[in-house]
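Input: a single structure, listed below in structure tokens.
Nothing here was measured: the structure is a model prediction, and the numbers come from that model.
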Amino acid sequence: MINFLILILGVVLAGTPYNQKKVLVLSDNPAVYVSHSQFFNLLSKQYRVDYKNIQSNTFNLQLFGEWQYDHLILFSSTVDLKVSMQELLDFYDSGRNILLLGSTDQSKYFRKFLNSFGLDMHEYGSSVVDYFNNIKGNQNVVTTSNMNIVKVDKPIAYQGAGLSMTPYETFQVFGLVRGSETAFSGPNLSHNIIYVGATQGRNNARFVATGSWEMLSDEFLNNSNLGNQMLAEEIIRWGFGQSKILKAENLTHRRLDSDDIKPYNYRLREDCYFSIDIYEWDYQNDQWIPYISTDNDVLLEFVMLDPYYRVPLKKGKGPKYELSFKIPDVYGVFQFKINYLKPGYTFLKVAEKITVRPFRHDEYGRYLVQALPYYFSSFGTMAGFIVFLIAFLLNK
């Protein structure tokens with residue numbers, strides 16, 4: 001009976017929010033819990049959420065060497081955070097995710113923290129202005145439909161400071177939401193403004209930052225003409241590692257004329273077949289589905305120090321990507337390598353080492369085309385010697 005009760009208790013606890021991942025929300029303004037109630041409702045459906053004051057000493061990100069939270073949400077303020085910046089960076093380096101909601105008057109602490117992720121906030125007190133794309137003529141409440149990675153089918157409203165980054169997109173730092181061409185910010189009329197910026201580390205941890213608290217407030221989320229509700233859902237999914245997640249399985253290679261999987265070595269100039277299964281996480285159905293690359297950008301490298309081949313894999317059935325190629329005429333230690341760095345998706349790095357050997361003595365052909373001149377010269381010398389020998393003997 002006791003064992004049965006323990007089993008029932010275990011099943012009940014497994015379904016409670018305490019089994020979910022934990023999110024820590026830090027803010028020094030209690031009013032945000034009312035003004036952003038819709039956003040926090042979205043969070044609480046999927047996560048166990050703890051709310052703490054930014055100046056409080058009653059929480060620990062790390063305790064006895066163990067991280068206490070999986071994700072962190074920071075509402076920036078004019079005062080500094082009690083937690084050291086290095087501890088926040090260590091939290092991120094451990095593979096955990098951070099969402100920073102900024103404001104026009106946030107302290108140097110948060111501005112410097114932004115710089116650690118390749119992002120920069122515009123001047124103190126400056127806010128984004130747009131005289132053409134705004135709500136009800138208020139040029140400080142701007143709208144945009146310029147989205148990247150996240151999918152939102154309605155314009156979103158934004159009120160706050162602008163962000164900037166390097167003038168080109170990289171595979172680690174990019175803008176999720178950008179301003180329209182008519183938006184500007186600050187005394188220098190900064191164009192190409194970022195409203196929501198993101199960074200993905202090589203460990204696939206994600207950092208999302210915005211210069212606007214109001215963007216995720218109930219005022220904008222409850223407006224059915226705006227896409228802020230969808231954007232909030234997309235930020236939670238992408239920023240906390242629910243979408244754009246890839247994994248690779250079933251790496252196989254073999255000789256094209258053999259069924260022997262993953263041989264230890266290959267011979268020069270042999271025909272080789274390579275395949276790998278790539279999946280994407282479907283957060284709606286909680287399952288892995290075949291990943292479909294629309295850009296034909298999944299590349300296979302055959303590497304010894306430098307790549308001898310760098311060729312796109314062909315899409316096969318289901319999750320399979322495959323390719324047949326000829327081993328180069330160089331022997332040594334090679335690697336099959338896939339280094340897939342598509343912006344917005346988790347980085348996919350796969351490598352397997354193999355050996356390429358030269359021909360054995362009994363694997364060369366009887367006659368080589370390249371050696372025909374030598375064959376002719378050898379037989380010609382022999383024939384000349386015989387002719388000379390016959391002529392010499394007959395003249396005796």
Requested in this report: Would you list the pairs meeting side chain to side chain donor-acceptor pair (under 3.5 Å) in which at least one residue belongs to residues 201-211, sequence neighbours left out?
Outcome: Gln200-Arg206
Report task. Scan residues 369-393 for pairs that pass side chain to side chain donor-acceptor pair (under 3.5 Å), counting only residues two or more places apart or in two chains. Result -> none
For the atom pair [atom1] ([X]) and [atom2] ([Y]), what is the distance rounded to the nearest 0.5 Å?
X: Asp80; Y: Met85; atom1: CG; atom2: CE; value: 8.0 Å
X: Ser217; Y: Gln38; atom1: OG; atom2: CD; value: 10.5 Å
X: Asn57; Y: Asn60; atom1: CG; atom2: CG; value: 9.0 Å
X: Ser35; Y: Asn29; atom1: OG; atom2: CG; value: 7.0 Å
X: Ile156; Y: Asn228; atom1: CD1; atom2: CG; value: 5.5 Å
X: Asn250; Y: Lys320; atom1: CG; atom2: NZ; value: 6.5 Å

Hydrophobic cluster of [X], others only, ordered by chain and residue number, side-chain cut-off 4.5 Å:
X: Trp288; answer: Ile245, Tyr279, Trp281, Tyr283
X: Val333; answer: none
X: Leu299; answer: none
X: Leu226; answer: Ile135, Val141, Phe220

Mark yes or no for whether [X], through its side chain, and [Y], through its backbone, hold a donor-acceptor pair below 3.5 Å.
X: Thr355; Y: Asn265; answer: no
X: Lys154; Y: Ser224; answer: yes
X: Ser324; Y: Tyr273; answer: no
X: Trp67; Y: Phe91; answer: no
X: Arg96; Y: Tyr69; answer: yes
X: Asn148; Y: Gly175; answer: yes
X: Trp213; Y: Phe75; answer: no
X: Asn339; Y: Lys349; answer: no
X: Thr182; Y: Asp130; answer: no
X: Gln55; Y: Ser27; answer: no

Please collect all salt bridge (charged side-chain N to carboxylate O under 4.0 Å, His left out) contacts where either partner lies in [range], sequence neighbours excluded, each pair once.
range: residues 241-250; result: Lys247-Glu249
range: residues 256-276; result: Arg255-Glu270, Lys262-Glu352, Arg269-Asp329, Asp271-Lys326
range: residues 211-233; result: Glu233-Arg237

Query raised in the report: Taking only residues at least two apart or on different chains, which pairs with a member in residues 123-153 satisfy ring-ring contact (aromatic ring centres under 6.0 Å, His included)?
Result: Tyr131-Phe184
Any donor-acceptor pair under 3.5 Å linking the side-chain atoms of [Y] with those of [X]?
X: Asp105; Y: Ser103; answer: yes
X: Thr252; Y: Ser275; answer: yes
X: Thr143; Y: Asn133; answer: no

I want to check something: taking the side chain as every heavy atom from C-beta on, are [X] and [Y] in contact at a cut-off of under 4.5 Å?
X: Phe336; Y: Leu300; value: yes
X: Arg357; Y: Glu363; value: yes
X: Ser212; Y: Tyr195; value: no
X: Lys315; Y: Val298; value: no
X: Gln68; Y: Phe59; value: no
X: Asp297; Y: Tyr340; value: yes

Report summary line: Sequence neighbours excluded, the answer for ring-ring contact (aromatic ring centres under 6.0 Å, His included) partners of Phe334 is Phe302, Tyr308
Report task. Please name all residues satisfying ring-ring contact (aromatic ring centres under 6.0 Å, His included) with Phe240, sequence neighbours left out, ordered by chain then number. Result -> Tyr47, His71
Nearest heavy-atom neighbours spanning [X] and [Y]:
X: Ile276; Y: Ala248; answer: CD1-CB, 3.8 Å
X: Arg111; Y: Thr104; answer: NH2-O, 3.5 Å
X: Val129; Y: Val142; answer: C-CG1, 4.0 Å
X: Gly344; Y: Phe174; answer: N-CZ, 3.6 Å
X: Gly162; Y: Ser185; answer: N-OG, 4.2 Å
X: Phe110; Y: Ser76; answer: CG-CB, 3.7 Å

Pair [X] + [Y]: ring centers closer than 6.0 Å:
X: Phe113; Y: Phe207; answer: yes
X: Tyr92; Y: Phe117; answer: yes
X: Tyr51; Y: Phe40; answer: yes
X: Phe325; Y: Phe274; answer: no

Report task. Please determine which of Val25, Ile73, Val32 meets the side-chain contact (heavy atoms from CB on, under 4.5 Å) test together with Phe39. Result -> Ile73
Report task. Kindly work out whether a path of hydrophobic side-chain contacts (I/L/V/M/F/W/Y, heavy atoms less than 4.5 Å apart) joins Leu72 to Tyr109. Result -> yes
Report task. Report the C-alpha distance between Ile235 and Met215 in whole Å, list the side-chain angles of each, state the deciding distance to 0.1 Å, and finish with yes or no for side-chain contact (heavy atoms from CB on, under 4.5 Å). Result -> CA-CA 12 Å; Ile235 287 176; Met215 184 184 68; 4.2 Å; yes
Requested in this report: Report the C-alpha distance between Val83 and Leu88 in whole Å, list the side-chain angles of each, state the deciding distance to 0.1 Å, and finish with yes or no for side-chain contact (heavy atoms from CB on, under 4.5 Å).
Outcome: CA-CA 7 Å; Val83 179; Leu88 291 180; 4.2 Å; yes
Requested in this report: Quick one: do Val152 and Val177 satisfy side-chain contact (heavy atoms from CB on, under 4.5 Å)? Show the steps, please.
Outcome: CA-CA 10 Å; Val152 180; Val177 182; over 6 Å; no
Query - Carboxylate-amine/guanidinium proximity below 4.0 Å for Glu322 and Lys314 - result: no
Query raised in the report: Going through the checks in order, is the side-chain contact (heavy atoms from CB on, under 4.5 Å) test met by Leu114 and Asp120?
Result: CA-CA 6 Å; Leu114 261 179; Asp120 189 24; over 6 Å; no
